[in-house]
Visitor: 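Got a structure for you, written out below as structure tokens; questions coming shortly.
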Amino acid sequence: MPMPHLHIETPYIESRALSLQSGRNVWLKMEALQPPGSFKIRGVGLKCQEAVGHGATRFISSSGGNAGIAVAYAGRQLSIPVTVVVPETTTDRAKTLIKQENADVVVHGASWQEANALAMSMVGAGDAFVHPFDDELLWRGHASMVDEMAQAGDAPDAIVLSVGGGGLLCGVLEGLHRNGWSTVPVIAVETLGADSFAQAVKARYPIELPAIQSIASSLGARKVAQQAFNWTSKHSIHSVVVSDRQAVKACESFILDHRVVVEPACGAALAAVYENVEEVRAYKKIAVIVCGGVTATIAHLKQWSGD
Ligand SMILES: *Cc1c(COP(=O)(O)O)cnc(C)c1O
């Protein structure tokens, strides 16, 4: 018998508020409702289960965000110890959420690069390293959200999602292609200052940003996965960049409209619809991946919006 998934099937609902606001038919894939708070558990869960199948006795992660929280959650569910190496910039809240899943937290380095280097150096026999966005198994796991959407009914005219390192993008594209939805365009949204995908599209290769200058820390990959860039020549992908301010405003509107708190990383995708950007106006029925994120609280959102 196959092992049960660590993710749950999430609601796929029509948003009256966003439909009225944008003048189109807007659907939401509610990944914010996954037990560890984001879509990440889909790919991380599959990766961790496969690793256990191959005899892994410890999981190692280098993410001070939702990926680290998802690996810690997977470890607790599978009774496997987890070590998460996080950079010094990681918030107390994120560290608390990781420790709450019984994982060990090691703080190291000024940025993710240094934390990741230490995490990789710690990987010994029996350890499985779980990358936050650049792994084929991760993408295959993320693709399950599109399977659920396809089972629910007809294809939307476009799918809106956020891009950090591009794991979500690669997963959704894999899901579109394996469900016969390969002609559905994707609107890939980032915040200004974390726009490594938009810059890669412009430069025609995956450039590395010198630094991240956005509050949307979950979009803070300085360079997208090569595979995310490769998709740009095989699928219709529109790159959109919104401001931090627009992303935070979208989070606040989303609390009023749907009573769910998400990070600005997710607010970016929502902002493209709330702001009715040109790329969205081209389509009648839009599906938004509400990717979630638990490292920002209402207090953080208030602080960022200056209220
Ligand atoms: C990880 C994450 C993203 C970005 O996903 P990538 O796979 O890195 O592109 C966006 N939003 C949230 C809430 C995340 O946790």
Side-chain angles (χ1 to χ4, degrees), residues 7 10 29-44 46-47 61-73 90-91 93-94 97-98 112 116 130-143 145 159-175 186-191 194-198 200 206 209 212 214-229 231 237 239-240 242 244 247-248 250-251 254 260-272 288-297 300-301:
H7 66 262
T10 54
K29 184 60 175 158
M30 294 295 284
E31 290 303 295
L33 302 183
Q34 289 292 349
S38 80
F39 72 95
K40 291 250 167 43
I41 189 58
R42 288 185 185 269
V44 164
L46 179 65
K47 171 83 184 174
S61 164
S62 58
S63 159
N66 298 302
I69 295 165
V71 176
Y73 175 84
T90 303
T91 60
R93 174 171 169 81
L97 291 171
I98 295 168
W112 176 78
N116 189 56
V130 185
H131 196 281
F133 59 83
D134 198 356
D135 186 308
E136 279 180 26
L137 264 181
L138 215 63
W139 308 330
R140 197 193 299 167
H142 293 343
M145 74 182 75
I159 293 195
V160 182
L161 51 76
S162 302
V163 178
L168 176 59
L169 176 69
C170 290
V172 165
L173 285 163
E174 183 167 335
V186 171
I187 299 172
V189 193
E190 298 167 289
T191 49
D195 49 341
S196 45
F197 182 72
L209 298 178
I212 297 297
S214 165
I215 54 158
S217 53
S218 294
L219 303 186
R222 280 162 54 200
K223 188 171 153 190
V224 295
Q226 180 67 41
Q227 176 73 358
F229 177 77
W231 272 112
I237 306 174
S239 169
V240 169
V242 300
D244 276 356
V248 170
C251 292
F254 197 68
V260 173
V261 182
V262 298
E263 288 180 17
C266 177
L270 293 167
V288 186
I289 307 296
V290 184
C291 49
V294 288
T295 69
T297 62
H300 289 123
L301 292 172

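Bear in mind that the values here come from a model prediction, so they are computed numbers and not experimental data. In each ligand, atom 1 is the first atom listed, and ligand 1 is the first ligand listed.
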Visitor: Is there side-chain contact between P264 and D244, with at least one heavy-atom pair below 4.5 Å?
Guide: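 P264 does not reach D244 side chain to side chain.
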
Visitor: Between I237 and F197, is any pair of side-chain heavy atoms under 4.5 Å apart?
Guide: yes

Visitor: Flag the pair L168 / M145 as yes when at least one side-chain heavy-atom distance between them is below 4.5 Å, and no otherwise.
Guide: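 Of all side-chain heavy-atom pairs linking M145 with L168, at least one is under 4.5 Å.
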
Visitor: Let me confirm one number: the CZ-CD distance from R42 to E31, rounded to the nearest 0.5 Å.
Guide: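 R42 CZ to E31 CD: 4.0 Å, rounded to 0.5 Å.
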
Visitor: For a distance cut-off of 3.5 Å, show me each N or O of ligand 1 paired with any protein N or O, plus the separation.
Guide:
unit_1: ligand 1; atom_1: 7 (O); unit_2: G167; atom_2: N; d: 2.9
unit_1: ligand 1; atom_1: 7 (O); unit_2: L168; atom_2: N; d: 2.8
unit_1: ligand 1; atom_1: 8 (O); unit_2: G165; atom_2: N; d: 2.8
unit_1: ligand 1; atom_1: 9 (O); unit_2: G164; atom_2: N; d: 2.7
unit_1: ligand 1; atom_1: 9 (O); unit_2: G165; atom_2: N; d: 3.2
unit_1: ligand 1; atom_1: 9 (O); unit_2: G166; atom_2: N; d: 2.8
unit_1: ligand 1; atom_1: 9 (O); unit_2: G167; atom_2: N; d: 3.4
unit_1: ligand 1; atom_1: 15 (O); unit_2: K40; atom_2: NZ; d: 2.7
unit_1: ligand 1; atom_1: 15 (O); unit_2: N66; atom_2: ND2; d: 2.8

Visitor: Please round to the nearest 0.5 Å and tell me the distance separating atom OG of S63 and atom CD1 of I69.
Guide: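 Rounded to the nearest 0.5 Å, the OG-CD1 separation comes out at 7.5 Å.
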
Visitor: Parallel, tilted or perpendicular for W112 and H131, by the 30°/60° rule?
Guide: perpendicular

